[in-house]
*Asks:* 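Submitted below is the structure of interest, expressed as structure tokens.
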Amino acid sequence: METIQYNLPQSRIPQAWYNIAADLPTPMAPALHPGTLQPLGPDDLAPLFPMSLILQEVSTEREIEIPGEVRQVYAQWRPAPLFRARRLEKALDTPARIYYKYEGASPAGSHKLNTAVPQAYYNKMEGTKHLATETGAGQWGSSLAMACGFFGLDCKVFMVRCSYDQKPYRRALMEAFGASVTPSPSRETESGRAILAVHPNSNGSLGIAISEAVEVAAKDPHTKYALGSVLNHVLLHQTVIGLEAIEQMELAGDEPDVIIACAGGGSNFAGLAMPYLGRKLKGLSHARVVAVEPAACPSLTKGKFLYDFGDTAHLTPLMKMHTLGSTFMPPGIHAGGLRYHGMGPLVSHVASLGLIEAATVQQLDAFAAGIQFARAEAIVPAPESNHAIAHAIREALEAREEGKSRTILFNLSGHGHFDMQSYIDYQAGKLENYDYPGEEIAMALAGLPSVS
Ligand SMILES: Cc1ncc(COP(=O)(O)O)c(C=O)c1O
């Protein structure tokens, strides 16, 4: 029998997260206070986050120990499986060897639980009672809802309006875990009301939902804010993915030539890629690393690498990142988790250093790849993950054309069991591609804050 899964025992759940900041050839630009334009200090972030997470955000220690209680919760689903996609390889008739790390095996259905658990844990340790957050597709919201349930915190989720309508079962899942869910933009916050005054039928966006959650946290001393991507501490928590994958690829006796993940704010990408980039910086890996984003929201491939706000209402600090402009409202593609105007500053930084590549995929190509993958591998992927699959298939077909083998490793960031309506719509021919919305992006970029 040919081996399909390369799995680790529970004792191999990583003991520490890997922080690439310790190994970067040049440090990242600091986040800036939006009023003074000076680098942020830990106290500036204290109304929003517990101090342990703020310190992780700016840490340059290579390894940050994972608390025992967090590892214990990780043990519900980690180590996550690594699959060799032998049936997909055959279907593509490619000499490439394709592997995928499957984060959809988590109880929430994606990688997001990897950071939801430590975020809830550190908040609990520092006395937080309530957490407010945003969610796009609902993967992050359901992860935080579960994690808050584990640690006895209240959870309030602002869910991007178009996903709220497209994915009612995600909302039900969040509520099953005890969270309250509000479609965003809402009338509950000043930021939401301001958007609705101009766009009464707004689809919403991650940028708007972030503004609403940040506003709620900033106004209530008992409420903190939790973010599902973008920030350094979130990307740090996701490195369990790559740390496990390195050991699993060793079990498979193989070494990736190319590493692929979809990128919204950059967290599942960083989770797989950063431990490998750390090895690459030490000369221990030769892998090319590719971040894949939707053609409708191409921050890495078409955005500018400049300081911008993380949200639409401009309540967050300024971060240097690849951005399409914080007022840009991406088209309502079904990969809701990829509808973010910016890219995480750490991912943007390694892109600016030329350490990674970026590629785009159109919505219909993403779904075609997802269906092809499902028929071969028996897992229906999340629409976001389909972007990584589409690019992995491109690489495998290139290998076939060249008649050369190559080892492809990609992150299957989540399953699509709550996204079946989007598959129904795709099969019925109701989905469309979106051309790069150049004019709207140019307008949003024209409004970028000027920071020298
Ligand atoms: C399954 C899945 N993959 C990928 C993403 C993109 O987010 P990130 O870039 O932070 O991994 C999301 C976001 O919601 C998601 O739910």
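Atoms within each ligand, like the ligands themselves, are counted from 1 in listed order. The figures that follow rest on heavy atoms only: side chains count, while hydrogens, waters and symmetry mates do not. The first residue in the sequence is number 1, and the count goes up from there.
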*Asks:* Distance from L324 atom CG to T301 atom OG1, nearest 0.5 Å?
*Replies:*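 Output value for this atom pair is 8.0 Å.
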*Asks:* Hey, does A263 sit under 4.0 Å from ligand 1 if you only count heavy atoms?
*Replies:* yes
*Asks:* Do any N or O atoms from the side chain of E126 and from the backbone of M51 form a donor-acceptor pair under 3.5 angstrom?
*Replies:*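 Yes, because the side chain of E126 sits within donor-acceptor range (under 3.5 Å) of the backbone of M51.
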*Asks:* Give me the residue, atom name and distance of the protein heavy atom closest to atom 1 (C) of ligand 1.
*Replies:*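 Heavy-atom neighbour on the protein nearest atom 1 (C) of ligand 1: S413 OG, 3.5 Å.
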*Asks:* Does the N or O separation between Q139 and ligand 1 drop below 3.5 Å for any pair?
*Replies:* no
*Asks:* Under 3.5 Å, N or O to N or O, is A137 touching ligand 1 that way?
*Replies:*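 For ligand 1, there is no N or O atom that lies under 3.5 Å from one belonging to A137.
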*Asks:* So is Q238 in contact with ligand 1, going by heavy-atom distances below 4.0 Å?
*Replies:* no
*Asks:* Could you tell me, atom by atom, which parts of ligand 1 come under 4.0 Å of a heavy atom of L338?
*Replies:* 6 (C)
*Asks:* Is it true that the NZ or CZ of K224 lies under 6.0 Å from the centre of F49's six-membered ring and within 45 degrees of the ring axis?
*Replies:*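 Geometry flag: not set, cation outside 6.0 Å or 45°.
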*Asks:* Honestly, is K156 close enough over F158, meaning NZ or CZ under 6.0 Å from the six-membered ring centre and within 45° of the axis?
*Replies:* yes
*Asks:* Could you tell me whether N268 and ligand 1 have an N or O pair separated by under 3.5 Å?
*Replies:*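 Between N268 and ligand 1 (N or O atoms, distance only) the closest approach is under 3.5 Å.
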*Asks:* Salt bridge or not for E175 and R170, using N-O below 4.0 Å?
*Replies:* no
*Asks:* Mind checking whether G266 has an N or O less than 3.5 Å away from an N or O of ligand 1?
*Replies:* yes
*Asks:* With respect to Y225, which candidate in N123, V216, L48 satisfies the side chain to side chain contact (heavy atoms under 4.5 Å, CB included) definition?
*Replies:* L48
*Asks:* Students should be able to answer this: which protein heavy-atom is nearest to atom 10 (O) of ligand 1, and at what distance?
*Replies:* S229 OG, 2.5 Å
*Asks:* Salt bridge or not for R71 and E65, using N-O below 4.0 Å?
*Replies:*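 No, no charged N to carboxylate O under 4.0 Å.
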*Asks:* Heavy-atom count check: over 12 atoms from other residues, nucleotides or ligands less than 6.0 Å from E398 CD?
*Replies:*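 Count over threshold, so yes.
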*Asks:* Thinking salt bridges, do E247 and R12 make one under a 4.0 Å N-O criterion?
*Replies:*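 Yes, charged N to carboxylate O under 4.0 Å.
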*Asks:* Under 4.0 Å from any heavy atom of S267, which atoms of ligand 1 are there?
*Replies:* 8 (P), 9 (O), 10 (O), 11 (O)
*Asks:* Quick test: of every protein heavy atom, which one is nearest to atom 12 (C) of ligand 1, and how far off is it to 0.1 Å?
*Replies:* K112 CE, 3.7 Å
*Asks:* Does any N or O of ligand 1 fall below 3.5 Å from an N or O anywhere on G414, backbone included?
*Replies:*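 No, no N or O pair falls under 3.5 Å.
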*Asks:* For atom 6 (C) of ligand 1, what is the nearest protein heavy atom, given as residue, atom name and distance?
*Replies:* G337 O, 3.5 Å
*Asks:* If the cut-off is 4.0 Å to any non-hydrogen atom of A382, which atoms of ligand 1 fall inside it?
*Replies:*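 Heavy-atom distances to A382 below 4.0 Å select 1 (C).
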